[in-house]
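Numbers for residues simply follow the sequence, beginning at 1.
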Amino acid sequence: MDFDLAPPNGVGPLRIGMTRHVANTALDSLRDPSAISESDRPGQHVFRPSGLMISIHCMRDTLEAIELGRPPSQADRVLFQGVDVFALPAREVVRRVGELTSIEGDPDDDASFTAPDLLLSFWRPFAADDEPEAEQGYYFSSVLLARPGYYDTPAQAAERLQQSS
C-alpha cells in the first residue's frame with residue numbers, strides 16, 4: 001500500500017487538526033485485521049504487516065503530528081511527491097525533496113533534516129551516507145508530518161500568532 005505524505009494536511013485518512021477520537025478511528029482503519037501486531041497501541045500507533053509503524057501525536061484533543069517508521073519490507077511505501085522516503089538512500093531523499101522545497105539539516109544532528117515550509121521532518125539515528133550496509137544510517141528511519149508551527153519556540157509561536165491576526 002502507498003502512503004502519500006500531503007503536508008500540511010496529513011497522510012491517508014489521518015488529517016492534521018482532526019479530533020483525537022476521529023484520529024483514533026482513522027489510525028485503527030490502517031490496521032490489517034488479518035495481521036494485528038502485538039505492538040499496536042490503540043490511540044498511539046499501529047504496525048502494518050510490512051513493519052511500517054504509523055504513530056499519531058495529539059495535544060489538547062487535536063491531531064498535531066503523524067510519524068511513520070521505516071518498514072523492513074517494501075509492501076508499504078511512504079511517498080512525498082513521488083519520492084520514496086524509505087527506499088531511497090537518505091542523501092538522495094534530501095536531494096530530491098530539495099528540488100521541490102527548502103530542506104535544512106539539523107544543526108545539532110547531521111543525520112536529521114527538516115523541510116520547514118511543509119513541516120516534514122526526516123530522521124535516522126546516525127549518518128552513514130557512504131555505507132549502504134549500515135541501513136540505519138544510510139536510509140531514513142522515520143518521517144514526521146506535523147501542523148505548521150509544531151517545532152516553533154515560544155517566541156516563534158508568538159510571532160506566528162501575531163502574523164495571522
Any donor-acceptor pair under 3.5 Å from [X] side chain to [Y] backbone:
X      : Y      : result
Thr114 : Pro116 : no
Thr25  : His21  : yes
Arg124 : Gly137 : yes
Asp76  : Met1   : yes
Thr62  : Arg60  : yes

(request) Verify whether the ring centers belonging to Phe122 and Phe113 lie closer than 6.0 Å. (result) no
(message) Using the rule side chain to side chain contact (heavy atoms under 4.5 Å, CB included), only one of Leu14, Leu30, Val143 pairs with Phe3; which is it?
(response) Leu30
[X] side chain near [Y] side chain, heavy-atom distance below 4.5 Å:
X      : Y      : result
Gln136 : Phe126 : yes
Val11  : Asp4   : no
Pro8   : Ile16  : no

(message) Applying side-chain contact (heavy atoms from CB on, under 4.5 Å) to Arg147 and Glu64, what does each step give before you reach the verdict?
(response) CA-CA 5 Å; Arg147 64 162 177 77; Glu64 294 200 349; 3.1 Å; yes
(message) Salt bridge or not between Arg96 and Asp84? Use side-chain N to carboxylate O under 4.0 Å.
(response) no
(request) Could you tell me whether Asp32 and Arg48 have a side-chain N and a carboxylate O separated by less than 4.0 Å? (result) no
(request) Would you give the length of the straight line joining atom OG1 of Thr101 to atom CG of Leu118, rounded to the nearest 0.5 angstrom? (result) 4.0 Å
(request) May I ask you to establish whether Arg70 and Phe86 are in a cation-pi arrangement, using a distance under 6.0 Å from NZ or CZ to the six-membered ring centre and at most 45° from the ring axis? (result) no
